[in-house]
Amino acid sequence: RIQILFELSMAEDSLPAFVFDALITHVINSEKFYVQKYDEAARNRLTIIENSLEGATQPFHKNPKPDDYVTVKLLASGGFKRGRLLAPIQHSLAHVQLIDYGIEERLPETCVFHLSSELGPDVLAEQAMLCSIAGVKSNHNEMNANYIREVLTSRKVKVKSYCVAPKTGELMVDVSTGEHGSIRDHLLLHNLCTPSPIRAAPATPQPGPASVSVNKKYPVVVSHVKDLDEFYLQIKNKDPQLQQITSALTGLYQTTQVSPASLVNLGMLCAVHLGNEWFRALVIQVTSSGYIQVQMVDCGGTQFVTLKQIYPLEGTFLNLPFIAIKCGLHSIVPITPSRSGGFPKKLCEWFERYVRDDRANYFATIMQKTDDKYLIDIRDESPPSEGPDSRLSTVELLIQNNCVKKITSFVPPVAMAPSGPTTPANAMPALGMQAQLSNLRKKRTLYTPFPSTILYRKLDTTDFQCFNICNISVLVGGLWCTACTASPLVFH
């Protein structure tokens, strides 16, 4: 068995795969368990969803039916989650699945409420992905299920994804933990499963977006707006343009016999068929309801498609850089945040109308690059007579009309970590820093270096606004010190 396992592992290592960090949220057996991506963007999405659900107890307009999406209030914690009804409500009990965790619950009918369309899975994808261990056939015994539940439940793991199962739609993966290594190897080694071939989707290049330089100005067209913190633009007069790629793809796929992709995987660059046109897209999420979420790499935004709408991308288009450049407005936060802590819906709608005006001549100044996007300011440089306030940049216009406020830049000096045991003497920050930070505390404002804001939340207990930031000040033993964080903060 060890020799067979070694040969299988060698063959597995040569297969193309997409690797990501994940949190196991619910385990049934080796053929059915649920994972959430465990990265900063995914955690922020989940936080935004659950903050928006808090206290959302709007009753149904009509009786809910199986497969309807609902807001669920958990009895144990009192928290709110998104769910899907699995069966008709009977005897005042609702059988629901929490779509961001995969967990099934039976709750009183009074704990199930209407889910706003803005938080539905067609806008914010289900965060739980249904998975199955690749390359094994389960023996369907209780030992298999017990072992998987014991090893994986509530664990942070490394997931190696090979493909989406064509018929059933789950993600075929191997899972590794620091303590147990490959779960597939353990199942085979202990004779809890029998080996079977692994099918893997082909690897595709990842050319990334067109490069732009910080502190430079570019003529742009805004192609898609989600909110002021996430929108997509294209550089004018830079080949190839969106229309050229869309027309070329559509012409190619309409005149040749091409079948949908036989195997699809996360991170795969593909062609998707929407309406009468074809677009380039990147597979980013697999939902437990059978839909694939793809990132539109040339026009921006995401779409939900079925496996039948995904086609292999022809070689000519694989190495072209992505046309859509992900951006956010630089150094601003809303004066009145939405329920989720983001920019209000009406402000986002106004921003979309403003930046997509065909009469305008927009230029974007690249202010800073973050991990996943560029932070910019955008200005209409049409003659002033063509529109009010056209001399102002978008950020200036929003500030002038009291829609947003600018984040104040403050970078406190950072004390070196002490080499010996921490004492009041060697833990003290640089001279003068205590006074600076004490002043900040009196103003009750949290400062952050430009412009790392990703998530902000209105707290009940104070008037602080909380940011996902790089530098923070911490009161330790009566002394103000600096610290760093890379995850969302909650202050009490």
* Side chain proximity check, Val159 to Leu171, heavy atoms < 4.5 angstrom -> no
* Leu249 side chain reached by Glu277 side chain, heavy atoms, under 4.5 Å -> no
* To do: Report the residue from Ile284, Leu263, Thr204, Leu313 that forms a side chain to side chain contact (heavy atoms under 4.5 Å, CB included) with Met268.
  => Thr204
* **Between CE on residue Met172 and CD on residue Glu31, distance to nearest 0.5 Å** => 8.0 Å
* Between Phe18 and Phe20, what is the ring plane arrangement, given parallel below 30°, perpendicular above 60°, and tilted in between? -> tilted
* Could you go step by step and tell me if Ile310 and Ile292 meet the side chain to side chain contact (heavy atoms under 4.5 Å, CB included) rule? -> CA-CA 9 Å; Ile310 297 178; Ile292 311 293; 3.9 Å; yes
* **Lys406 backbone acceptor or donor facing Ser331 side chain under 3.5 Å** => no
* Structure fact -> For residues 307-325, the side-chain hydrogen bond (donor to acceptor under 3.5 Å, both in side chains) pairs (sequence neighbours left out) are Thr306-Gln309
* To do: Test Leu130 against Val286 for side chain to side chain contact (heavy atoms under 4.5 Å, CB included), laying out the working first.
  => CA-CA 8 Å; Leu130 175 61; Val286 178; over 6 Å; no
* Asked: How about Lys369: does its NZ atom have over 12 heavy atoms from other parts shown lying under 6.0 Å from it?
  -> yes
* Evaluate side chain to side chain contact (heavy atoms under 4.5 Å, CB included) for His26 paired with Ile28, printing each intermediate quantity in order. => CA-CA 7 Å; His26 183 53; Ile28 299 170; 3.9 Å; yes
* Say whether Glu170 and Thr168, considering side chains only, have a donor N or O and an acceptor N or O under 3.5 Å apart. => yes
* **Neighbour count above 12 (heavy atom, 6.0 Å) for Lys37 NZ** => yes
* Is any NZ, NE, NH1 or NH2 atom of the basic residue among Arg280 and Asp298 found under 4.0 Å from an Asp or Glu carboxylate oxygen of the other? -> yes
* Would Tyr374 and Ile325 satisfy side chain to side chain contact (heavy atoms under 4.5 Å, CB included), going step by step from the backbone distance to the final call? -> CA-CA 8 Å; Tyr374 290 94; Ile325 300 172; 3.5 Å; yes
* Asked: Under 3.5 Å, is there a donor-acceptor pair between the side chain of Gln285 and the main chain of Glu126?
  -> yes
* To do: Decide if atom CZ of Arg199 counts as having more than 12 heavy atoms of other residues, nucleotides or ligands within a radius under 6.0 Å.
  => no
* **Set of residues satisfying ring pair (Phe, Tyr, Trp, His ring centres under 6.0 Å) with respect to Tyr34, sequence neighbours excluded** => none
* Flag side-chain contact, heavy atom, 4.5 Å: Ile376 against Phe231 -> yes
* Asked: Can a salt bridge be assigned to the pair Asp68 and Arg84 using a cut-off of 4.0 Å between side-chain N and carboxylate O?
  -> no
* Verdict with reasoning, Glu230 to Tyr232, per side-chain hydrogen bond (donor to acceptor under 3.5 Å, both in side chains) -> CA-CA 7 Å; Glu230 183 181 338; Tyr232 297 82; 2.9 Å; yes
* Considering only heavy atoms from C-beta outward, does the side chain of Phe60 approach that of Val112 to under 4.5 Å? -> yes
* Asked: Would a distance-only check, ignoring hydrogens and angles, find a side-chain to backbone donor-acceptor pair under 3.5 Å from His330 to Ile332?
  -> no
* **Whether Ser196 side chain and Val136 backbone form a donor-acceptor pair below 3.5 Å** => yes
* Asked: Can Thr250 and Gln254 be counted as having a side-chain donor-acceptor contact under 3.5 angstrom?
  -> no
* After noting the C-alpha distance and the side-chain angles of Ser223 and Gln234, does the key distance pass the side-chain hydrogen bond (donor to acceptor under 3.5 Å, both in side chains) rule? -> CA-CA 7 Å; Ser223 58; Gln234 298 141 22; 2.9 Å; yes
* Just by distance, do the side chain of Gln295 and the backbone of Leu282 share a donor-acceptor pair under 3.5 Å? -> no
* **Test item: Asp380 side-chain N/O and Asn361 main-chain N/O as donor-acceptor pair under 3.5 Å** => yes
* Asked: Within a radius of less than 6.0 Å around NZ of Lys156, do more than 12 heavy atoms belonging to other residues, nucleotides or ligands occur?
  -> no
* Asked: Heavy-atom distance under 4.5 Å between the side chains of Val283 and Val264, does that happen here?
  -> yes
* Asked: Looking at Asp229 and Lys373, does any basic side-chain N land under 4.0 Å from a carboxylate oxygen?
  -> yes
* Side-chain H-bond candidate by donor/acceptor type, Asp377 with Ser393, under 3.5 Å -> yes
* Is the backbone N or O of Gln244 less than 3.5 Å from a side-chain atom of Ser247, with the two atoms forming a donor-acceptor pair by type? -> no
* Got a donor-acceptor contact below 3.5 angstrom from the Ser338 side chain to the Pro344 backbone? -> no
* Asked: Between Arg82 and Asp100, is there a side-chain N and carboxylate O pair less than 4.0 Å apart?
  -> yes
* Close side-chain approach of Tyr362 to Pro219, heavy-atom, < 4.5 Å -> no
* Asked: Would you say the side-chain atoms of Arg184 pair up with the backbone N or O of Ile133, donor to acceptor, closer than 3.5 Å?
  -> no
* To do: Could you tell me whether Arg359 and Asp357 have a side-chain N and a carboxylate O separated by less than 4.0 Å?
  => yes
* To do: Please examine the side chains of Tyr218 and Ile366, heavy atoms only from C-beta on, and report whether any two atoms are closer than 4.5 Å.
  => yes
* **N/O donor-acceptor pair under 3.5 Å between Thr256 side chain and Val258 backbone** => no
* Is Tyr291 atom OH crowded by more than 12 heavy atoms from other residues, nucleotides or ligands, each under 6.0 Å away? -> no
* To do: Taking the side chain as every heavy atom from C-beta outward, state whether Leu266 and Met129 have any atom pair closer than 4.5 Å.
  => yes
* Apply salt bridge (charged side-chain N to carboxylate O under 4.0 Å, His left out) to the pair Glu50 and Arg45, showing each step before the final yes or no. => CA-CA 9 Å; Glu50 295 185 352; Arg45 275 195 302 273; over 6 Å; no
